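Numbering starts at 1 and runs along the sequence shown. Note that the structure is a prediction, hence the values are computed from the model and not measured.
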Amino acid sequence: MDMNALKLTAMAGAAALLAACSAEETETRCTTAPQSEWMDQEQFQAGLKEQGYDINEFKVTPGNCYEIYGKNQTGEKVEIYFNPVDGSVVKQEKE
């Protein structure tokens, strides 16, 4: 492999690494705690419903968050990421 080909290969590898790092940084991270320390999913959802949330979709994200899609107490469409250990809101988006 000549020097130019080696440089191109190294630059391509660096670009791929940077792209992978950028993608990871955009992921919302909620906790690093083990799932054994998380609140029960069903009880957590029941608590949100008692507070007036209407949940259309509930899931666990790759960033270890409880995420809901639905409506808040005032009827606004929301997407909310919760810390599953303490229930705190980590990120919230309204439409």
Side-chain angles (χ1 to χ4, degrees):
M1 189 178 277
D2 71 8
M3 189 58 111
N4 284 337
L6 187 60
K7 285 181 184 177
L8 284 174
T9 302
M11 287 173 31
L17 182 61
L18 285 172
C21 289
S22 297
E24 283 183 26
E25 289 176 13
T26 61
E27 177 180 89
T28 301
R29 302 272 313 145
C30 293
T31 187
T32 56
Q35 287 193 356
S36 60
E37 295 179 18
W38 294 13
M39 291 186 275
D40 178 80
Q41 292 182 30
E42 291 181 13
Q43 290 177 352
F44 181 74
Q45 290 179 70
L48 290 177
K49 290 176 183 176
E50 286 176 11
Q51 294 175 38
Y53 286 92
D54 181 19
I55 301 171
N56 295 331
E57 183 180 349
F58 176 89
K59 65 182 181 178
V60 177
T61 70
N64 292 332
C65 304
Y66 284 166
E67 180 183 16
I68 67 160
Y69 294 89
K71 294 183 180 176
N72 64 14
Q73 301 92 328
T74 59
E76 296 172 293
K77 286 186 179 180
V78 292
E79 174 184 358
I80 307 174
Y81 294 78
F82 295 92
N83 181 321
V85 176
D86 63 14
S88 62
V89 174
V90 175
K91 179 180 174 184
Q92 179 172 239
E93 296 177 14
K94 296 180 186 177
E95 283 187 21

Nonpolar side-chain network containing Tyr66, other nodes, edges under 4.5 Å: Trp38, Met39, Phe44, Leu48, Tyr53, Ile55, Phe58, Val60, Ile68, Val78, Ile80, Phe82, Val85, Val89

Using the side chain to side chain donor-acceptor pair (under 3.5 Å) criterion, which residues pair with [X]? Sequence neighbours excluded.
X     : value
Asn64 : none
Glu79 : Tyr69, Tyr81
Ser88 : Asp86

Shortest non-hydrogen separation from Asp40 to Gln43 and the atoms involved: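 Heavy atoms only, the tightest pair is OD2-N, 2.9 Å.
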
Closest approach of Gln73 to Gln51 (non-hydrogen atoms, all atoms of both residues):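 Scanning both residues completely, I find the closest heavy atoms to be CG-O, 2.9 Å.
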
Straight-line distance of Lys71 NZ to Lys77 NZ, nearest 0.5 Å: 6.5 Å

Separation of Gln92 CD from Glu76 CD (nearest 0.5 Å):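 These two atoms lie 8.5 Å from each other.
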
Any pair counted as salt bridge (Lys or Arg N to Asp or Glu O under 4.0 Å), so long as it reaches residues 44-63, sequence neighbours left out: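 Residue pairs with at least one partner in residues 44-63: Lys59-Glu67.
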
Any Thr61 side-chain heavy atom under 4.5 Å of Thr28 side chain: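 No, side chains not in contact.
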
Side-chain donor/acceptor of Asn83 to backbone N/O of Gly87, under 3.5 Å: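 Checked: no pair found.
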
Listed once per pair and sorted, the disulfide bond (SG atoms under 2.5 Å apart) pairs that draw on residues 26-95, sequence neighbours left out: Cys30-Cys65

